[in-house]
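Numbers for residues simply follow the sequence, beginning at 1.
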Amino acid sequence: MNANARRRTVLTAGAAGAAALVTGCGSSGDESGGGDASGTASDTASPGTSPDASPGGEELAATGDIPVGGGTIFKEQKVVVTQPEEGEFKAFSAVCTHAQCLVSTVSDGTINCPCHGSTFSITDAAVEAGPATRPLPAEQITVEGGAIRLG
């Protein structure tokens, strides 16, 4: 077998492998864009909360454990729960969008990353100071009967 024939065989096999990979990673046939509309919160819910969700999620804390104007980081779950105003609870990913470090503190109205100094608002997780350029993603929580549950 000459070099051109070998090259053609390798290229053909590579193209077939790439086609199989693309097919395997393709659409599941859901033409709605792949989103699950069942997770949508009601119009009266704050972003990051889901009052209509079933109370079956993991309990993170009691509402009294989250300081007003501050928050608590749950390292194992990689979630930070904040209480910007009395009775208003929000949840965000605790993984910094800059370098994927775990945020370490919540103070003075911000969620703080120790790696490069990024800070995020406790209200909506918007970037207050970089180098991060994207906010922390919201997480779904349920607040019911004095308990804060994930999901």
task = Assess whether atom CD of Gln100 is packed by more than 12 heavy atoms of other residues, nucleotides or ligands within 6.0 Å.
result = yes
request  = Indicate the atoms forming the closest heavy-atom contact of Arg149 with Gly57, along with that distance.
outcome  = NH1-O, 3.0 Å
request  = For residues 69-82, pull every pair meeting salt bridge (charged side-chain N to carboxylate O under 4.0 Å, His left out), keeping only residues two or more places apart or in separate chains.
outcome  = none
ask   = With no hydrogens and no angle check, do the side chains of Glu88 and Gln83 hold a donor and an acceptor under 3.5 Å apart?
value = no
query = Side chains of Ile111 and Phe92: does their closest heavy-atom pair fall under 4.5 Å?
reply = yes
Ile66 and Thr82, any side-chain heavy atoms less than 4.5 Å apart = no
task = Might you point out which heavy atoms bring Gly71 and Pro67 nearest each other, and give the distance in Å?
result = N-CG, 3.8 Å
task = With sequence neighbours excluded, tell me which residues meet salt bridge (Lys or Arg N to Asp or Glu O under 4.0 Å) with Glu85.
result = none
task = Search all heavy atoms of Ser118 against all heavy atoms of Gly130 and return the closest pair with its distance.
result = OG-C, 3.5 Å
inquiry  = Do Thr97 and Thr133 make a side-chain contact, defined as non-hydrogen atoms from C-beta onward lying under 4.5 Å apart?
reply    = no
message = Looking at Thr123, is its backbone amide N or carbonyl O close enough to the side chain of Ser121 to form a donor-acceptor pair, meaning the two atoms are under 3.5 Å apart?
response = yes
remark   = Closest non-hydrogen atoms of Val81 and Phe74, given as atom of the first, atom of the second and distance, are CG2-CE1, 3.7 Å
inquiry  = Under a 3.5 Å cutoff, is there a donor and acceptor pairing between the side chains of Asp108 and Thr110?
reply    = no
remark   = d(Ile141 CD1, Phe89 CZ) to nearest 0.5 Å is 8.0 Å
ask   = Would you say the side chain of Leu150 lies within less than 4.5 Å of the side chain of Val79, judging by non-hydrogen atoms?
value = yes
message = Can you tell me if the gamma sulfurs of Cys101 and Cys113 sit closer than 2.5 Å?
response = no
query = If Ile, Leu, Val, Met, Phe, Trp and Tyr residues are connected whenever their side-chain heavy atoms lie under 4.5 Å apart, and connections chain through other members, are Leu136 and Ile73 in the same group?
reply = yes
request  = Evaluate the criterion side chain to side chain donor-acceptor pair (under 3.5 Å) for residue pair Thr72 and Asp65; output intermediate values, then yes/no.
outcome  = CA-CA 8 Å; Thr72 301; Asp65 295 340; over 6 Å; no
inquiry  = Thr142 vs Ile148, test: side-chain contact (heavy atoms from CB on, under 4.5 Å). Steps then yes/no.
reply    = CA-CA 6 Å; Thr142 303; Ile148 301 171; over 6 Å; no
inquiry  = Which heavy atom of Pro114 sits nearest to which heavy atom of Leu102, and what is that distance?
reply    = CD-O, 3.4 Å
Check: Val127 and Phe120 side chains under 4.5 Å, non-hydrogen atoms = yes
request  = Calculate, to the nearest 0.5 Å, the distance between atoms CD and OG belonging to Glu139 and Ser93 respectively.
outcome  = 5.5 Å
query = Quick one: do the Asn112 and Thr119 side chains pair a donor with an acceptor below 3.5 Å?
reply = no
request  = Grab the two heavy atoms, one from His116 and one from Ala99, that are nearest each other, plus how far apart they are.
outcome  = CE1-CB, 3.9 Å
task = Test side-chain contact (heavy atoms from CB on, under 4.5 Å) on Lys90 and Ile122 and set out the steps.
result = CA-CA 8 Å; Lys90 308 278 184 141; Ile122 64 169; over 6 Å; no
